[in-house]
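Worksheet: the structure to be examined is printed underneath.
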Amino acid sequence: MKIRKISRREMLRGTAATSAGLVAAGAGIPAFAQDADLPVGSSGKLTVIHRTEYFAAAQDLFRETVENFAAANGAELDISTTNAEAFGDFMGKMTAAVQAGNPPDIAYTSNVSITQMNLLGLLEDVSDVVEEAIKKYGNVMPGINAEVNGKFDGKWMAIPFIAGTTGYYMRGDKLAEKNIDPASLLTFGDRREAALAISDPDGEFWGWGQTPNQSGDGYGFLNLVVMAFGGHYTDESGMIVQFDSPETVAAFEWLKETYDRDGKYAAMLPPGVESWGDISNNEAYLADKIGYTHNAFSIYAQANRDNNPVFEKIALLPAPTANNGDSRDGGNVNGWLTIFKGAPNVDLAKQMALDLLDPANFTKMSEVAGGLFMPAYENLWTDELLAADPNFAIIKEQCSVPEPFIGASWPAQPNAAIDAIRAQGILEQTVGNVISGRMTPAEAATDGHNKIVQLFEEGGIAQP
């Protein structure tokens, strides 16, 4: 069979359903709030949309930098926030705005798919901006998979703005009480056993703080578990669905065992963990209620900022290895700048992007964001910035991995079709069917596989 690339028209048809937050019936997976209407771009008015920052100080500095830039260039400014989650309606609204000829000029987002936006023709070529940034600030960090996610046919279609990595947090004091060496906790299996060992439900302390619910954290966690067992969505081409496999079934069996409220690990499960959102594990960890979770550096940063006693008890762990010992180390682009096709102020938006990257502006934002706003370019990791927090060096190390784990598309390169799986919530819904008992692990793997096949074929990728 000859495999062809997805056309833009086919992707528009195939992803039409992805703009709404989906509900997994009976699994406690909620529909997500949708974005407000996007601002309308117009000549002479710089229109900027950005994500909401976890720390108000970083967001205030971002907005102040943009405001100062607009004032210095005599431009009217329209700046607002947007929810650009993959399962939201950002993509549909941005497609409509570009087609109508009045998109915002520039966006700063994190979880939206650059591959989908590029395929849909929503983005301006920003190679000149990235090349200028590299000339000024050094190469893009090698461990953040920037090129495979933001560069297409030799052209940068998005500007790497922020680098980041995931923090894996366990309560070092609780481990010490049980004589457990954090360095021995290499796999998810190791960490599950340790989480059970440190649990004390009568004392309202539960070891396991990972949710399988539809959310950024849930999706990331479930992907890591499935891939730790060797499961994957597609073959190396990214075009042939291979989700239904013994490895995926084994991962689902592990997850069913983990979230069985009547089973071995029930004592480590906090109330309601099956339906947590992205903020829930942060709140529970900082409230001294859970012993292990993973997240961006928001937990670490807030604990440090607020002088929370939990901070001194955090044991930072590396990414769990795959069950066969393969490394999962690496970072990611935690923030992109995108300029939209047909934007009325493209040149001004490009200048603004470079202004945001200027260390006189960027370093100030980075210093107050506790690890959530780190440089995507090598020379912006200044001694001054590294001195602001001893664990910034850990983030830099992860962002410098020469061959980082590719992420959810493994073993394929990232592509728009695989990104659509996330937008549809297929993985979380499938696991929800397993945990609730509606399907056996084998039935759920087949069901998820068939849904992915349908998604791919609607997008124009015929399956054998």
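- The two residues Gly335 and Tyr108 have their closest heavy-atom pair at CA-CE1, 4.0 Å.
- With 3.5 Å as the limit, one finds no donor-acceptor pair spanning the side chains of Tyr219 and Arg422.
- The two atoms that bring Pro212 and Val273 nearest to each other are CD-O, 3.8 Å, heavy atoms only.
- For the pair Glu443 and Asn433, the minimum side-chain heavy-atom distance is 4.5 Å or more.
- Applying the ring pair (Phe, Tyr, Trp, His ring centres under 6.0 Å) rule to pairs touching residues 374-396 yields nothing, sequence neighbours excluded.
- Side chain of Ser127 to main chain of Lys155: no donor-acceptor pair is present (N/O by atom type, distance under 3.5 Å, no hydrogens or angles).
- In plain terms, the two heavy atoms of Ile435 and Leu255 that are nearest each other are CG1-O, 4.4 Å.
- Distance check: Ile299 CD1 to Thr293 OG1 gives 5.0 Å after rounding to the nearest 0.5 Å.
- In this structure, the separation between CG on Leu123 and CE on Met117 is 5.0 Å, given to the nearest 0.5 Å.
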Residues 361-373, side-chain donor-acceptor partners within the protein, below 3.5 Å, at least two apart:
residue	atom	partner	partner atom	Å
Asn361	ND2	Asp355	O	2.8
Thr363	OG1	Pro359	O	3.1
Ser366	OG	Phe373	O	2.6

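- Contacts of Asp326 classified as side-chain hydrogen bond (donor to acceptor under 3.5 Å, both in side chains), with partners at least two apart in sequence or in another chain: Asn324.
- Checking each of Asp419, Leu120, Asn415, Leu119 against Ser113 for a side-chain contact (heavy atoms from CB on, under 4.5 Å) leaves exactly one that passes, namely Asp419.
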Next item on the list: Kindly determine whether Ile198 and Phe205 satisfy side-chain contact (heavy atoms from CB on, under 4.5 Å), including the steps that lead there.
Entry: CA-CA 8 Å; Ile198 65 175; Phe205 185 85; 4.2 Å; yes
Notebook entry, point to check: Step by step, would you call Met268 with Trp206 a side-chain contact (heavy atoms from CB on, under 4.5 Å)?
Noted result: CA-CA 5 Å; Met268 74 178 188; Trp206 298 272; 5.5 Å; no
Notebook entry, point to check: Does the pair Tyr233 and Leu427 meet the rule for a side-chain contact (heavy atoms from CB on, under 4.5 Å), with working shown?
Noted result: CA-CA 10 Å; Tyr233 295 118; Leu427 179 59; 3.3 Å; yes
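- With sequence neighbours excluded, the residues that form a salt bridge (charged side-chain N to carboxylate O under 4.0 Å, His left out) with Asp173 are Arg171.
- Counting heavy-atom neighbours within 6.0 Å of Glu236 CD, excluding the residue itself, gives a total of 12 or less.
- Within the 3.5 Å criterion, the main-chain N or O of Thr52 finds no donor-acceptor partner in the side chain of Thr81.
- Taking Lys289 as the reference, Glu204 meet the salt bridge (charged side-chain N to carboxylate O under 4.0 Å, His left out) condition, with sequence neighbours excluded.
- Without hydrogens or angle criteria, Asn118 side chain to Ile114 main chain gives no donor-acceptor distance under 3.5 Å.
- Annotation: salt bridge (charged side-chain N to carboxylate O under 4.0 Å, His left out) contacts of Lys136 (sequence neighbours excluded): Glu132.
- The line from CD1 of Ile394 to CG of Asp389 is 9.0 Å long, rounded to the nearest 0.5 Å.
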Identify all side-chain donor-acceptor contacts of residues 58-68 below 3.5 Å with residues at least two apart in sequence or on another chain.
residue	atom	partner	partner atom	Å
Gln59	OE1	Glu53	N	2.8
Arg63	NH1	His50	NE2	2.9
Thr65	OG1	Leu61	O	2.8
Asn68	ND2	Glu64	O	3.3

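- Side-chain atoms of Thr109 never come within 3.5 Å of backbone atoms of Arg51 as a donor-acceptor pair (strictly under, hydrogens ignored).
- At a threshold of 4.5 Å between non-hydrogen side-chain atoms, the residues Pro414 and Ile406 count as touching.
- Taking CD1 from Ile395 and OG1 from Thr166, the interatomic distance works out to 10.5 Å, rounded to the nearest 0.5 Å.
- Legend: residues meeting salt bridge (charged side-chain N to carboxylate O under 4.0 Å, His left out) with Asp447, ordered by chain and number and at least two apart, are Lys451.
- Residue Glu378 comes nearest to Pro142 through the heavy atom pair OE2-CD, 3.7 Å, listed as atom of the first residue, atom of the second, then distance.
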Notebook entry, point to check: Taking it one step at a time, do Leu317 and Arg191 satisfy side-chain contact (heavy atoms from CB on, under 4.5 Å)?
Noted result: CA-CA 10 Å; Leu317 306 181; Arg191 295 177 190 190; 3.8 Å; yes
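- Side-chain atoms of Asn308 come within 3.5 Å of backbone atoms of Leu286 as a donor-acceptor pair (strictly under, hydrogens ignored).
- Within the 3.5 Å criterion, the main-chain N or O of Met227 finds a donor-acceptor partner in the side chain of Arg328.
- Residues satisfying the ring-ring contact (aromatic ring centres under 6.0 Å, His included) test with Tyr168, not counting sequence neighbours, are His294.
- Inter-residue side-chain proximity for Leu196 and Trp208 is flagged as unmet; no heavy-atom pair is nearer than 4.5 Å.
- For Phe188 and Phe221, the ring centers are positioned less than 6.0 Å apart.
- Judged purely by distance below 3.5 Å, without hydrogens or angles, the side chains of Ser215 and Asp217 never pair a donor atom with an acceptor atom.
- At least one donor-acceptor pair closer than 3.5 Å links the side chain of Asp278 to the backbone N or O of Gly216.
- Tyr169 approaches Asn295 most closely through the heavy-atom pair OH-O, 3.7 Å.
- Between the side chains of Thr187 and Asp190, a donor-acceptor pair is found at a separation under 3.5 Å.
- No side-chain heavy atom of Glu274 sits under 4.5 Å from any side-chain heavy atom of Thr211.
- Residues His232 and Gln242 meet the side-chain proximity criterion, which asks for heavy atoms closer than 4.5 Å.
- The backbone N or O of Trp254 sits less than 3.5 Å from a side-chain atom of Thr258, completing a donor-acceptor pair.
- For the pair Leu356/Phe69, no side-chain contact is recorded, criterion being any heavy-atom separation below 4.5 Å from C-beta on.
- No side-chain heavy atom of Val431 sits under 4.5 Å from any side-chain heavy atom of Tyr259.
- Within the structure, ring pair (Phe, Tyr, Trp, His ring centres under 6.0 Å) pairs that include any residue of residues 303-339 comprise Tyr300-Phe311 (at least two apart or interchain).
- Every pair tested for side chain to side chain donor-acceptor pair (under 3.5 Å) that includes a residue from residues 397-411 fails, sequence neighbours excluded, so the list is empty.
- How far CD of Gln210 is from CG of Leu222: 9.5 Å, rounded to the nearest 0.5 Å.
- No side-chain N or O of Ser275 forms a donor-acceptor pair with one of Asn213 less than 3.5 Å apart.
- For the atom pair Leu122 CG and Met94 CE, the distance stands at 7.5 Å (nearest 0.5 Å).
- Between Val140 and Ala146, the closest heavy-atom pair is CG1-CB, 3.6 Å.
- Sequence neighbours left out, the pairs with a member in residues 247-260 that pass salt bridge (charged side-chain N to carboxylate O under 4.0 Å, His left out) are Arg192-Glu257.
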